[in-house]
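What follows is one structure encoded as structure tokens, with my remarks underneath.
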Amino acid sequence: MENLQKLTNIIIFLLIFLLIFFAINFVSSKISYAEKIATKKVIISTNLCIDWLILDSLYNHKNNENLLVNNIFILSPLINKAENQGDILRWKNLISKLPKHSGTLESIIQKIQFQPHVILSGEFDNPLLKNRLQRLNFNILTLKFPQQVSQILPYQAEFEKIIGIKNNFQDLKKYTKYTKYTKYKNANKKTLLLLGANEIAFANNTFENDILNYSKIWKNYLPNNIYGYIAVNKEMLIKNPPAKIIFLQNFNNQKNSLATNFFHENFYKNFGSNKNSYENSKWQWQCPGKWSFDLIEMLN
């Protein structure tokens, strides 16, 4: 009986020892993981265009492995939509691997469980969300989107500096020829209409129009004295149609007015049947970036 009691005490002692041993190891592993993860910079995007900058940098940059070692990238919920995934053939695997937030304050706070962190936003992002984050003293950096082709490289360099790519302009040298391009005069150019959602066209003083300024062949269908983003004048289109139309977004018949759908069925489809309308590469028009230079090449 006494021997049995001693054996029981030994077993209990060993069990307690093993529990303490595993508990210490579990805690230490948690601490080492927390210490390791705390050395990373958490970069949260609240904007589709910034999502694309992140994806492009991770895909193209020679040190992209170091970028993932040194940073945790969290994409915006906008990237979940198929039509927003840009160059999906290149970015598909990255999109599936990188975490995303839901766009709410609570989701962003939940994703940031350690320091340091950076929230990258665009000029026109949700102002209410940005104000709430600022009141909570989060580090918000707003990237000013280019309004001209010549501003793309400084914009790209600013982003790369934030995420930790050194020698910012080194990998951008092959694009510098575009900053030296002459803006071709509109004389003898063919007219091109860029048509976005809700039949909004891109007039003078827009980034899209500046891309056309570098084209040898195409000029904006809209006159120079019209500025910004405007609704299409359907009567003008019928009387004097452009040489080509590029649809930057698909028509959503459920959300369009009856008049818009009628016009789409009776004018745009007939126009397209003459092979004068295109929807190719429309993703590249959505956000400014290095891919914008590809548009100039295609237009030429």
Side-chain angles (χ1 to χ4, degrees), residues 47-57 59-61 83-91 122-123 143-160 165 168-197 200-224 226-230 242-250 272 275-300:
N47 184 282
L48 177 64
C49 296
I50 295 170
D51 289 345
W52 287 8
L53 287 177
I54 291 171
L55 291 168
D56 186 68
S57 294
Y59 182 85
N60 287 314
H61 202 273
E83 63 269 25
N84 288 343
Q85 293 185 358
D87 198 346
I88 190 168
L89 295 177
R90 293 191 295 175
W91 297 344
E123 294 175 83
L143 287 177
K144 188 175 181 180
F145 293 142
Q147 296 301 310
Q148 298 176 348
V149 171
S150 60
Q151 296 172 348
I152 292 177
L153 296 186
Y155 162 72
Q156 181 79 25
E158 181 185 3
F159 167 77
E160 291 186 355
I165 296 178
N168 300 314
F169 280 103
Q170 204 64 28
D171 291 335
L172 304 178
K173 278 186 177 179
K174 63 180 179 179
Y175 297 108
T176 54
K177 64 178 182 179
Y178 294 103
T179 63
K180 299 175 183 178
Y181 267 8
T182 302
K183 292 187 177 183
Y184 295 97
K185 294 182 179 180
N186 284 335
N188 302 321
K189 284 187 179 183
K190 297 179 180 180
T191 56
L192 174 65
L193 174 64
L194 300 173
L195 204 58
I200 297 298
F202 303 86
N204 202 12
N205 279 13
T206 63
F207 179 78
E208 293 79 4
N209 180 74
D210 197 53
I211 288 177
L212 293 181
N213 289 335
Y214 287 86
S215 170
K216 301 175 184 178
I217 302 170
W218 303 102
K219 66 179 178 180
N220 201 324
Y221 168 73
L222 299 171
N224 288 334
I226 298 178
Y227 298 90
Y229 305 94
I230 67 163
K244 288 190 186 296
I245 299 176
I246 293 182
F247 299 105
L248 304 188
Q249 293 190 15
N250 289 326
K275 298 182 180 179
N276 286 336
S277 65
Y278 292 87
E279 293 187 15
N280 295 338
S281 302
K282 59 191 174 188
W283 72 269
Q284 290 169 306
W285 292 91
Q286 276 186 270
C287 292
K290 289 185 290 185
W291 46 85
S292 302
F293 298 123
D294 296 332
L295 288 176
I296 296 175
E297 292 294 327
M298 285 188 286
L299 288 170
N300 286 336

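All values below come from the heavy atoms of this structure, side chains included, with hydrogens, waters and symmetry mates left out. Note that the structure is predicted; figures quoted are calculated from it, not measured.
- The minimum heavy-atom distance linking G122 with F145 is given by the pair CA-CZ, 3.7 Å.
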Run S57 and Q156 through side chain to side chain contact (heavy atoms under 4.5 Å, CB included) and show every step you take. CA-CA 10 Å; S57 294; Q156 181 79 25; 4.1 Å; yes

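- The main-chain N or O of A243 is found under 3.5 Å from a side-chain atom of T191 such that the two form a donor-acceptor pair.
- Considering CG of L222 and CG of N204, their distance stands at 9.5 Å, rounded to 0.5 Å.
- Among all heavy-atom pairs drawn from L53 and L143, the shortest one is CD1-CD1, 4.2 Å.
- When atom types are taken as modelled, the side chain of K189 and the backbone of S215 share a donor-acceptor pair closer than 3.5 angstrom.
- Distance check, rounded to the nearest 0.5 Å: CG of L194 to OG1 of T206 gives 7.5 Å.
- Neither side chain, Q147 nor Q151, offers a donor N or O lying under 3.5 Å from an acceptor on the other.
- Heavy-atom minimum distance, F202 versus G196: CE1-N, 3.8 Å.
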From CA spacing to verdict: side chain to side chain contact (heavy atoms under 4.5 Å, CB included), I211, L299: CA-CA 9 Å; I211 288 177; L299 288 170; 3.7 Å; yes

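- Looking at I246 and L195, their side chains never come closer than 4.5 Å, going by heavy atoms from C-beta outward.
- Residue D210 holds its CG atom at 10.5 Å from OG of S292, rounded to the nearest 0.5 Å.
- W218 contributes no side-chain N or O that, together with a main-chain N or O of Y214, makes up a donor-acceptor pair within less than 3.5 Å.
- For the atom pair CD (Q148) and CG (N209), the distance works out to 10.5 Å, reported to the nearest 0.5 Å.
- Looking at every heavy atom in both residues, L193 comes nearest to P242 through CB-CG, 3.9 Å.
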Stepwise side chain to side chain contact (heavy atoms under 4.5 Å, CB included) check, Y229 with E208: CA-CA 10 Å; Y229 305 94; E208 293 79 4; 4.0 Å; yes

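- Note on ring orientation: taking the six-membered ring where Trp is involved, the planes of W91 and W52 are tilted (angle from 30° to 60°).
- Residues I200 and I230 form no side-chain contact, since every pair of their non-hydrogen atoms from C-beta on lies 4.5 Å or further apart.
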Passes side chain to side chain contact (heavy atoms under 4.5 Å, CB included), E158 versus K144? Steps please. CA-CA 10 Å; E158 181 185 3; K144 188 175 181 180; 5.9 Å; no

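- Remark: K219 NZ to N188 CG distance equals 8.5 Å, nearest 0.5 Å.
- To the nearest 0.5 Å, the span separating CD1 on I226 from OH on Y221 amounts to 9.0 Å.
- Minimum interatomic distance between F207 and P146 (heavy atoms only, all atoms of both residues): CD1-O, 3.6 Å.
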